[in-house]
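Start at 1 and go down the list; that is how both ligands and their atoms are numbered.
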Amino acid sequence: MSTLLENFREPAPSPLLLLGQGRDLNSERGVECPGDLPAPSDPDLVERARAARAALGQKAFVLGHHYQRDEVIDFADVTGDSFKLAREAAARPEAEYIVFCGVHFMAESADILTSDAQQVVLPDLAAGCSMADMAEIGQVEEAWAVLQDLGVAGDTIPVTYMNSSAAIKAFTGRHGGTVCTSSNAEVALRWAFDQVGGTKGVDGTGKVLFLPDQHLGRNTAVQKLGLSLDDCVVFDPRKPDGGLTAQELSDARVILWRGHCSVHGRFSEQNVTDIRAQVPGVNVLVHPECKHEVVTAADHVGSTEYIIRTLDAAEPGSSWAVGTELNLVRRVAREHPDLQVHYLDKTVCFCSTMNRIDLPHLVWAMESLAAGRMVNRIVVDADDAHWARVALDQMLALPGS
Ligand code: 13P
Ligand code: SF4
């Protein structure tokens, strides 16, 4: 009889992850170190950032997602959620350089929505998104083939969250679907159900394939559209046929991709129970990337823009527990000393990839551009850009977008 040890095989060596310039197409992460980043301890860093920003003037436009560090947000010309930032980039045709302080999929969307004369720069190519990495285009094509073999692809509309690669957005464009963000997911899902063959509408017979965040898809389908949890199935790309039977796939109304956010996935229902016990009357406010039991237990659910708007409009003296990325929560708490703002999770909860963009990387990128040296440019290939644009334009045409 063989022992466990005899059966053991060394895993195949994986390529080392080096950070900085260049691009690893498989992981969207940087593969080459630029080597000349200023040290974070450089006392002249802020001055260098100011000088580089001034030297670039109108040639550059700096965008900052709400999850960016304060030191980076200080240099952003505009802040916003992923969709607002893509729109802002598209609305600045005079800017030759769009410096995107956010993550890779956001910079890709900016490249798709801006003109060919504009160049989008991501200060650190290692700023990916673990959720976007959970849906790889080959896996999605295979999942679609499963639906085709089952004869249900014709009645299925793909909808992808903004947090996905350009290739996945292009897939949805090619198959008559759309992109959505956390602020328009309900409208996007209703629109998708109206497009399918057979009996249309949320109460009809069509299906939606929702990529890549199972939580946003489930929360929207159940809380906003009134579908049941049983109407949703989870397609696991690592299992044959997604780990689902033909019957389960045929009966489902929403096929959720097995992806999640590694930050928002950490909040638990227990966090909500604990904070309610500790802070009587607290309002619990969370992002829809949180698990279903967390959003069900919360009082308010919405995108980063919604979270900021809600706290801006809150009654002075009221108490809030917020479940989203920590940079955003700390900043809003500081801006509202009249509110009691708590962080929903006890442990630190930064988005590690958002945090990769720091002042040294921003200084390096801006100084390089000011010296006429292009670095870390994000370019989406023409075919993907075309079809991803179709899906993004479809989103822009949704009512209320
Ligand atoms: P928003 O579009 O709500 O800003 O969210 C982006 C994101 O990455 C949330 O984790
Ligand atoms: Fe991606 Fe989550 Fe970070 Fe947002 S918070 S960029 S979804 S890993």
N or O contacts of ligand 1 with protein under 3.5 Å, please list pair by pair.
residue, atom, partner, partner atom, Å
ligand 1, 2 (O), Ser82, OG, 3.1
ligand 1, 3 (O), Ser182, OG, 2.9
ligand 1, 3 (O), His287, NE2, 3.0
ligand 1, 3 (O), Thr304, N, 3.2
ligand 1, 3 (O), Thr304, OG1, 3.3
ligand 1, 4 (O), His65, NE2, 2.8
ligand 1, 4 (O), Thr304, OG1, 2.6
ligand 1, 8 (O), Asn163, ND2, 3.1
ligand 1, 10 (O), Glu289, OE1, 2.8
ligand 1, 10 (O), Glu289, OE2, 3.1

Geometric class of the Phe267/Tyr343 ring pair [parallel <30°, tilted 30-60°, perpendicular >60°]
perpendicular
Salt bridge flag under 4.0 Å for residues Arg276 and Asp299
yes
Check against side chain to side chain contact (heavy atoms under 4.5 Å, CB included), Cys101 and Val62:
CA-CA 7 Å; Cys101 300; Val62 182; 4.0 Å; yes
If you count every protein N, O or S atom closer than 2.8 Å to atom 1 (Fe) of ligand 2, you should arrive at 1
Parallel, tilted or perpendicular: ring planes of His361 versus Trp364, cut at 30 and 60 degrees:
perpendicular
Verify whether the ring centers belonging to Phe171 and Trp387 lie closer than 6.0 Å.
no
With a 4.0 Å heavy-atom cut-off (strictly under), which part of Glu325 contacts ligand 2: side chain, backbone, both or neither?
neither
Sidechain-backbone polar pair: Glu325 side chain, Cys351 backbone, donor-acceptor under 3.5 Å
yes
For Arg69, which residues count as a salt bridge (Lys or Arg N to Asp or Glu O under 4.0 Å) partner, sequence neighbours excluded?
none
Between Ser165 and Ala132, which heavy-atom pair has the shortest distance, and what is it?
N-CB, 4.5 Å
So that I know where these two stand, are Trp320 and His342 an aromatic pair - ring centroids less than 6.0 Å apart?
no
Results of salt bridge (Lys or Arg N to Asp or Glu O under 4.0 Å) for Arg258 - residues two or more places apart only:
Asp236
